[in-house]
Trainee: 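Once you've had a glance at the structure underneath, I'll fire off some questions.
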Amino acid sequence: MRPRVSRERVLIWAAVLLLLLLCALAPVLFTGYFLSQILTKALWLGIAAASLIFLSRYGGMISLAQVGLYAIAGFTMANLGSAFGGHHLGWNPWAAAIGGVAAATAFGLLFGAIASRSYGIYFLMITLALSVIVFYFFGQATDFSGYGGIRSVATPELVGNPIAHPEGLYYVSLAATVLILLGIRYLAGTPFGLVLQGIRDDPARMRALGYRVALHRTLAFGVGAFIAGVAGILSVWYQTQISPGGVDIAQTINVLVIAVIGGLYWLEGAWIGALLFTVLDNYSRTWLPSIGEWMGPDRFETVLGIIFLLIVLLSPGGLVGIWQRLRARVSRALGQRGTTVLMGPDGVAVVETERFAEAARPRE
Amino acid sequence: MSAWLDARLLPRLLLGLLASAVVFAWLAYKGSQNGAQFLTVSLNGLTLAALYFVVAAGFTLIFGLMRVVNMAHGSLYLLAGYLAFTSQQSWFGVTSNLLFGHTVSVASWIVPLIFATVVIGVVGVAMQQVLLRWNLGQDLRQALITIALSVILADQMLAHFGGIAQSIQQPTAWPNSVPVLGSHYGFFRLLVVVGAALVIGALLWAVIRLTRFGMIIRAGVDDRAMVSALGINVQRVFAGAFLIGALLVGFGGVLGGTMIAVQPGADAKFLLNSLIVVIIGGMGSLGGAAIGALALGLVSAYADVYLKFGSTDLTNYSILLTFILVVVMLAVRPLGLFGRPA
């Protein structure tokens with residue numbers, strides 16, 4: 001007897017295939033401007049946010065160091081490759097990119113080792129401090145960051161000139177997104193991933209079982225730094241330049257906002273949040289009405305802050321939380337049982353508000 | 001002893017002592033070469049530390065009692081500066097580029113100071129009552145709420161006050177500098193800021209150690225649930241602590257706006273400073289905040305000047321010393337000097 005495949009499963013696979021097809025055809029369907037300004041940017045911002053969500057979902061660590069780490073990747077690559085400003089050592093663009101990601105991973109392991117014994121809100125503060133220190137470092141150390149940034153960073157041939165030919169970078173970003181998504185899914189199922197999730201849920205018990213808690217958290221942070229590093233490389237290729245001003249505390253918060261909008265416990269939410277962010281960033285400047293000095297075309301950050309505030313106040317689970325709540329309400333209205341526990345992906349029970357408080361509580 | 005210091009940490013501690021010995025030797029060598037410069041740099045560090053302490057004391061007080069990490073702390077600091085600056089301009093007609101003969105009366109500094117401090121106090125309490133009171137215990141959510149506020153505040157301040165660095169004018173009746181050990185140093189920085197920090201530190205100490213309110217706060221830091229169970233209105237105590245914390249940061253904002261400048265980016269800078277001060281000193285500890293502020297102020301002041309070895313100038317990398325300070329502290333004591341687990 002063949003195991004019955006549930007209808008929901010078929011629907012999900014159909015949706016995924018359709019989405020992939022849509023993504024693959026995007027350069028044909030959309031204008032170059034939309035492709036570059038909205039989609040490609042959403043892909044790399046999504047990867048940056050995904051590195052944060054990976055740490056929070058599987059490790060219970062809310063890290064604000066991700067922008068600092070992607071800055072390290074970006075600046076390292078810009079210094080190793082050919083560019084205007086910095087050390088321009090003239091490496092092949094791919095080699096420079098690998099060097100950048102390696103540097104981000106190495107610093108990620110270092111930062112992870114520093115922060116891995118702290119939990120919850122302490123972890124958040126320490127990683128924020130690290131990220132801001134990275135920002136000030138690149139602001140000060142002008143021989144690494146050029147004077148006010150490194151411009152005209154060389155891109156690989158596959159990417160080419162991202163302004164004249166946006167498709168190249170789009171496909172590279174798309175491939176990176178898919179690989180990272182699959183990679184994280186795979187990692188979550190490995191013994192390492194399972195231990196990590198055990199540590200997220202109860203570090204004291206995992207320690208009692210003989211697992212090295214701080215080491216696992218440090219390694220996970222290194223993985224998160226690797227993902228953030230990829231985002232950093234893509235961001236530099238996208239802008240063909242990098243400056244300290246682009247990796248400041250505002251950008252740190254932008255990535256956090258994206259992750260929270262998507263839902264801190266749902267990986268795919270990163271890209272949904274990023275898409276919303278880039279759309280808002282682009283179009284709010286044309287339709288925002290002017291209300292004195294309070295509101296106007298330049299007040300994107302205010303709008304973003306208000307959206308962020310509303311999401312955190314009303315649905316800490318982000319858009320995914322809203323969706324799950326709606327679904328739970330609908331099925332309750334239909335008289336189905338067992339809907340009080342909201343199910344996340346992979347069948348992990350996520351009762352958002354409680355989980356939210358849970359992840360923050362220091363456990364020692 | 002064993003609770004305070006793990007025996008396994010001893011090698012690290014010895015290493016730390018060795019490193020500090022090297023640092024002190026280096027400073028002594030530099031100091032012996034140019035005593036006047038050394039004095040100025042030391043006073044720079046000391047006055048910065050005083051300012052950091054005033055700002056971070058509110059931060060650590062709020063955290064210690066309520067476990068609220070107020071990420072909008074830096075925004076309140078900057079807002080206080082802007083409020084004092086604008087009120088000084090519009091009420092007293094003080095312009096930021098002083099021509100000769102233009103005077104600034106003492107009242108035109110004191111009144112904006114009080115105004116800004118009180119307004120920030122009210123804003124802080126309003127923030128706590130409206131946004132943070134009902135989600136007590138969800139500390140991550142509260143941190144995110146205050147981050148959202150800081151985003152909105154930063155953008156609104158940019159819209160209303162512009163992006164140019166300005167500074168609040170100190171009264172012209174006050175001298176510009178005072179003689180110190182045969183050298184001269186800024187009057188405002190040395191006497192007003194350090195004096196204010198000392199007075200505030202002593203007052204806070206007295207309130208926390210000697211009054212009933214302080215007793216409740218100390219008890220609340222240790223065991224919030226128990227204090228509540230004893231029939232004390234914890235919500236009122238929380239509101240009071242938030243008021244004090246906000247008043248402190250408001251006061252610090254005006255001091256900083258007079259001593260340094262009022263400009264976009266100062267909010268992030270002082271949030272970072274407060275974070276580092278409490279990471280070093282331990283969350284919730286006033287003494288820890290004082291030591292943390294002193295460490296941060298002195299390290300950044302010395303690093304900005306003395307990171308020169310022969311012809312190699314490493315002053316561009318001075319921020320790395322702050323980083324090392326944090327790393328060393330966390331390696332030896334993950335909860336900071338006087339921090340205790342929640």
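Computed from a predicted structure; not experimentally measured. In what follows, chains carry the letters A, B, and so on, assigned in the order in which the sequence lines appear, proteins first and then strands, with residues in each chain numbered from 1.
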Trainee: In terms of heavy-atom proximity below 4.5 Å to chain B, should A:Phe144 be classed as side chain, backbone, both, or neither?
Mentor: side chain
Trainee: How close do B:Gln156 and A:Thr302 get, counting heavy atoms only, and between which atoms?
Mentor: NE2-OG1, 3.1 Å
Trainee: Considering only heavy atoms, which portion of A:Leu110 lies under 4.5 Å from any heavy atom of chain B: side chain, backbone, both, or neither?
Mentor: side chain
Trainee: Select one option (side chain, backbone, both, neither) describing which atoms of A:Asn254 are under 4.5 Å from chain B's heavy atoms.
Mentor: neither
Trainee: In terms of heavy-atom proximity below 4.5 Å to chain B, should A:Ile114 be classed as side chain, backbone, both, or neither?
Mentor: both
Trainee: Of the backbone (N, CA, C, O) and the side chain (C-beta and beyond), which part of A:Leu310 lies under 4.5 Å from a heavy atom of chain B, both, or neither?
Mentor: neither
Trainee: For the residue pair B:Phe63 and A:Tyr122, does the interplanar ring angle fall in the parallel (under 30°), tilted (30 to 60°) or perpendicular (over 60°) class?
Mentor: perpendicular
Trainee: Among the options A:Leu304, A:Val257, A:Ile253, pick out the one with the most heavy-atom pairs lying under 4.5 Å from chain B.
Mentor: A:Ile253
Trainee: Do B:Met283 and A:Ile121 come within less than 4.5 Å of each other through their side chains, counting heavy atoms only?
Mentor: no
Trainee: Between the main-chain N or O of B:Ile152 and the side-chain N or O of A:Glu301, is there a donor-acceptor pair closer than 3.5 Å?
Mentor: no
Trainee: Identify which part of A:Leu124 has an atom lying under 4.5 Å from any heavy atom of chain B, answering side chain, backbone, both or neither.
Mentor: side chain
Trainee: For B:Leu275, is it the side chain, the backbone, both, or neither that has a heavy atom closer than 4.5 Å to a heavy atom of chain A?
Mentor: side chain
Trainee: Closer than 3.5 angstrom, by distance alone: can the side chain of A:Arg117 be matched with the main-chain N or O of B:Leu330 as a donor-acceptor pair?
Mentor: yes
Trainee: Run the numbers on B:Phe323 and A:Leu130 for side-chain contact (heavy atoms from CB on, under 4.5 Å), then give the verdict.
Mentor: CA-CA 7 Å; B:Phe323 172 72; A:Leu130 292 174; 3.3 Å; yes
